[in-house]
Amino acid sequence: MRKKTRFCAFLAALTMGLGILSGCTGAPASSAPAQAASVSAPASGAQAGEPDTSEAVTLTMYLIGDRPVDNDEVFAKINEKLKEEINATIDVKFMSWGEYEQKYPLIFASGEDWDIIYTADWCFYNAQATKQGFWEITQEALETYAPMTAGSMYPEAWEQAKVDGRVYMLPMNYKEITSYVYLVRGDLMDKYDIKSVASLDEAEAYMDAIVANEPTLIPLDVGSDYDKLFVFDRMWQKANWESEEKVTGVGSWQAMASVSELDDGAAVKGNFDQPEFQGVIERLKDWKDRGFWSKNAVVNTQNNTESFQAGKSALALCNVNTAKSIYAQMAAEHPEWDVRVFDAQEDVPPVLNSYLANGMSIFSKSRNPERALMALDYLRNDAEINNLFCYGIEGKHWEASGEHGLVSLPDSTNYAYDSNCNWGVRNDAYWRVVEGGIPNFEEMNEVWKENARSGRYQTFVFDDSNVKNEIAAITEIFNTDYKLLGLGFTDDPAGDIAKLKEKMAAAGAEKVYAEMQKQAQAFNKANGG
């Protein structure tokens, strides 16, 4: 039998006066735009004011990354409770890091029957929202089908999720700083008298020692689509932060667009037209020529942290959340490596993320969008289900340590902490920190919290509806020429940058950047800038 008690009680409380997201948005529920896909009325079997869940449904959910070994076991437990609560279960499908950029847009046009998908400001949210790929989530829908979310979502998260005034995502309910770290083999540091790896120069010295003395190791084994531009980003952000103009990215990664944060006119340029670009590419070429990564990096489908864990490489570059999820595991499996973690920000302020950095959306052609919204409500807000999704099975993959901590158990190798693309349902209310994790984490975190900032265009969302064809052509260039340059695969940086500019011009980049500039100016005006 299904348990509706908690759901109905919550709904009753809301009906009696919370007024939920009208409080979040400052507008009454009646002012919400019309629902793109209509909200179904309760069937005759449902009680008044209560969603109808009489028909059992299986929802298909797409996540990004590689399927954990114990994923099916974890979701069997999640599904057991979802079945009991809302008479639904979830079938999980994965797009690997090596394929998601190509596969993600395709599944919307594939004719496949599916329901829920991970999305983010960096992962096609705006592109699909403007193409009617996502089901619109109105205040009315939240109040009816996701009351726990409606009562707990940060008001600013709801505002950030709006595209042309409408919401197509449930953003994470988690305040996050994105900062990058180096994972380093301490045994090799000691062997070659390397004292620190906390800057590009120090990383270079360390990798030089590996090339000269450890022929079986790749210094930094960058690979999959996920991390092909990690090193470029570190160099690029450092160069631009140190410049007078404080150049920052704007729009999607694939657009390769940037603007000075100090320019109220928001003159948008391609990264390749910024003064720091050629110097960054030249250094990347130098690193590639020194053998710091494989000649097969362009086609390598394993990301650099996976290679480091497997003992194939001597250095990994990743965001701190990834490092937190694998540090304890590596320390337990390879204590002889003496893995050390160093701050890779190098005085560049870490990003205080928008809530759109991770989220979940519903397919506009889902046959059961209301039930999908109900399922997301439980994935986000039910403590047991949220813990299962984020950390695995308590007693097998982890055990609690106090109210907000956990200890990873040996079986966490088959379902690692915060690594199952659960990021869209992260919730501050249930967030747990790994104990026995990175020893110097708090020290680094204090620095990051002090310096973290939101960029001027952090919540800018580009509407590409007027330049869809140009964006499609530019994305092809991003996935080929741009990524090759970003890995240093060029014999003539200046010449290949010139060729990139020619291709971008032919693809209609000027039209895209002009449209982006117009929207960025409107964004600045709306935000008092």
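Below, each value reflects all heavy atoms present in this structure, side chains not excepted, and no hydrogens, waters or symmetry copies.
- Thr149 and Asp377 share a donor-acceptor pair across their side chains, judged by distance under 3.5 Å alone.
- Of the charged side-chain nitrogens involved, at least one lies within less than 4.0 Å of a carboxylate oxygen, so that Asp201 and Arg283 count as a salt-bridged pair.
- Judged by distance alone, the side chain of Lys228 and the main-chain N or O of Gly223 form a donor-acceptor pair under 3.5 Å.
- One distance of note links CH2 of Trp337 with CG of Asp187; it measures 9.0 Å at 0.5 Å rounding.
- For the pair Lys103 and Tyr62, the NZ or CZ position fails the cation-pi test of under 6.0 Å to the six-membered ring centre and within 45 degrees of the ring normal.
- Under a 3.5 Å cut-off, the side chain of Asn420 and the backbone N or O of Ala416 do not form any donor-acceptor pair.
- Atom CG of residue Asn321 and atom CG of residue Asn358 lie 8.5 Å apart, to the nearest 0.5 angstrom.
- Side-chain atoms of Asn440 come within 3.5 Å of backbone atoms of Val341 as a donor-acceptor pair (strictly under, hydrogens ignored).
- With hydrogens and angles left out, the side-chain atoms of Asn427 and Asn386 include no donor and acceptor closer than 3.5 Å.
- A salt bridge is defined here as a Lys NZ or Arg NE, NH1 or NH2 lying under 4.0 Å from an Asp or Glu carboxylate O, and Asp418 with Lys324 fails to meet this definition.
- Here Tyr206 contributes atom OH and Phe342 contributes atom CZ; the two are 9.5 Å apart, rounded to the nearest 0.5 Å.
- The distance between the ring centers of Trp431 and Tyr174 falls below 6.0 angstrom.
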- Message: Assess the residue pair Lys365 and Glu112 against the criterion (salt bridge (Lys or Arg N to Asp or Glu O under 4.0 Å)); give the C-alpha distance rounded to whole Å, side-chain angles, the decisive distance to 0.1 Å, and a yes or no.
- Response: CA-CA 9 Å; Lys365 297 179 181 178; Glu112 179 186 349; over 6 Å; no

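- The aromatic rings of Tyr415 and His397 sit tilted relative to each other, their planes meeting at an angle between 30° and 60°.
- Using a cutoff of 4.0 Å between basic side-chain nitrogens and carboxylate oxygens, Lys312 and Glu306 are not scored as salt-bridged.
- Taking the charged nitrogens against the carboxylate oxygens, Arg367 and Asp113 do have a contact shorter than 4.0 Å, which makes a salt bridge.
- Salt-bridge annotation for Arg234 and Glu346: absent, with no side-chain N of the basic residue lying under 4.0 Å from a carboxylate O of the acidic one.
- Contact of the Glu202 side chain with the Lys195 side chain is not registered, since no non-hydrogen atoms from C-beta on lie closer than 4.5 Å.
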- Query: What do the steps show when you test Glu394 against Arg432 for salt bridge (Lys or Arg N to Asp or Glu O under 4.0 Å), and what is the final call?
  - Reply: CA-CA 12 Å; Glu394 186 174 5; Arg432 293 179 178 271; 5.8 Å; no

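- Between Tyr391 and Trp398, the angle of the ring planes goes over 60°, which puts this pair in the perpendicular group of the 30/60° scheme.
- Across every non-hydrogen atom of Lys131 and Ala127, the tightest pair is CG-O, 3.1 Å.
- Atoms CG and CG, on Asn213 and Leu188 in that order, are 9.5 Å from each other to the nearest 0.5 Å.
- The minimum heavy-atom distance linking Trp293 with Leu284 is given by the pair CZ2-O, 3.7 Å.
- Note that CD1 of Ile64 is 9.0 Å distant from CD of Glu101, once rounded to the nearest 0.5 Å.
- Side-chain contact between Ile362 and Leu373 is present, with heavy atoms from C-beta onward closer than 4.5 Å.
- Proximity of Trp241 to Asp347: side-chain heavy atoms (C-beta onward) are nowhere separated by under 4.5 Å.
- Using a 30° and 60° split on the angle between ring planes, Phe124 and Tyr104 fall in the parallel class, below 30°.
- The aromatic rings of Trp287 and Phe292 sit perpendicular, their planes meeting at an angle over 60°, well past the 30° parallel limit.
- Here the side chains of Phe230 and Asn303 are not in contact, with every heavy-atom distance at 4.5 Å or above.
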- Query: Between Asp115 and Arg371, is a salt bridge (Lys or Arg N to Asp or Glu O under 4.0 Å) present by the stated rule, with each step listed?
  - Reply: CA-CA 9 Å; Asp115 305 278; Arg371 200 77 64 90; over 6 Å; no

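- The two residues Ser152 and Asn173 make their nearest non-hydrogen contact at O-ND2, 3.2 Å.
- Under the 3.5 Å distance criterion, with hydrogens and angles disregarded, a donor-acceptor pair is assigned to the side chains of Tyr355 and Glu156.
- For Asn271 and Tyr482, the side-chain atoms include at least one donor-acceptor pair closer than 3.5 Å.
- Asn387 and Tyr430 make their closest contact through OD1-O, 3.8 Å (heavy atoms, listed as atom of the first residue, atom of the second, distance).
- For Asp91 and Lys93, the salt-bridge test fails: no basic side-chain N is under 4.0 Å from an acidic carboxylate O.
- Checking side-chain atoms of Thr144 against main-chain N and O of Ala141 turns up no donor-acceptor pair under 3.5 Å.
- The minimum heavy-atom distance between Tyr378 and Ile86, with the atom names listed, is CE1-CG2, 3.6 Å.
- Residues Lys77 and Glu80 are not paired through a salt bridge, judged by the lack of any N-O separation under 4.0 Å between the basic side chain and the carboxylate.
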- Query: For Arg290 and Asp286, what are the C-alpha separation, side-chain angles and deciding distance, and is it a salt bridge (Lys or Arg N to Asp or Glu O under 4.0 Å)?
  - Reply: CA-CA 6 Å; Arg290 292 196 201 192; Asp286 178 53; 3.1 Å; yes

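- We find that Arg67 and Asp72 are joined by a salt bridge, their nearest charged nitrogen and carboxylate oxygen being less than 4.0 Å apart.
- You'll find the side chain of Gln309 reaches within 4.5 Å of the side chain of Ile326, heavy atoms only.
- Asn451 contributes a side-chain N or O that, together with a main-chain N or O of Val447, makes up a donor-acceptor pair within less than 3.5 Å.
- When side chains are defined from C-beta on, Cys318 counts as touching Leu183, because their heavy atoms get closer than 4.5 Å.
- Taking the six-membered ring for Trp and the full ring otherwise, the centers of Tyr417 and Tyr327 sit at least 6.0 Å from each other.
- Between the side chains of Glu435 and Ser401, at least one donor N or O lies within less than 3.5 Å of an accepting N or O.
- Using cut-offs of 30° and 60° on the angle between ring planes, the pair Tyr118 and Trp122 is tilted.
- With hydrogens and angles disregarded, no donor-acceptor distance shorter than 3.5 Å links the side chain of Asp338 to the backbone of Glu336.
- Between the side chain of Asn479 and the backbone N or O of Thr475, at least one donor-acceptor pair lies under 3.5 Å.
- Arg340 and Asp190 are joined by a salt bridge, as a carboxylate oxygen and a charged side-chain nitrogen come within less than 4.0 angstrom of each other.
- The shortest side-chain heavy-atom distance between Met148 and Arg380 does not fall under the 4.5 Å cut-off.
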- Report the C-alpha separation of Val92 and Leu63 in whole Å, then their side-chain angles, then the decisive distance to 0.1 Å, and conclude whether the side-chain contact (heavy atoms from CB on, under 4.5 Å) test is met. CA-CA 7 Å; Val92 186; Leu63 301 177; 3.6 Å; yes

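- In summary, the side chains of Gln345 and Ser179 do not present any donor paired with an acceptor at a separation below 3.5 Å, with no hydrogens or angles considered.
- Ring pair Trp236/Phe232 is parallel by interplanar angle, where below 30° counts as parallel and above 60° as perpendicular.
- Donor-acceptor pairing under 3.5 Å is lacking for the side chains of Asp221 and Ser313.
- Interatomic distance, Asn368 CG to Ile116 CD1, rounded to the nearest 0.5 Å: 10.0 Å.
- Scanning both residues, Leu317 and Ala344, for their nearest heavy atoms gives CD1-CB, 4.0 Å.
- Asn87 places a side-chain N or O within 3.5 Å of a backbone atom of Thr53 that can act as its donor or acceptor partner.
- Judged by distance alone, with hydrogens and angles left aside, the side-chain atoms of Glu85 form no donor-acceptor pair with the main-chain N or O of Leu82 at under 3.5 Å.
- The backbone N or O of Cys123 lies less than 3.5 Å from no partner atom in the side chain of Tyr100, so there is not a single donor-acceptor pair.
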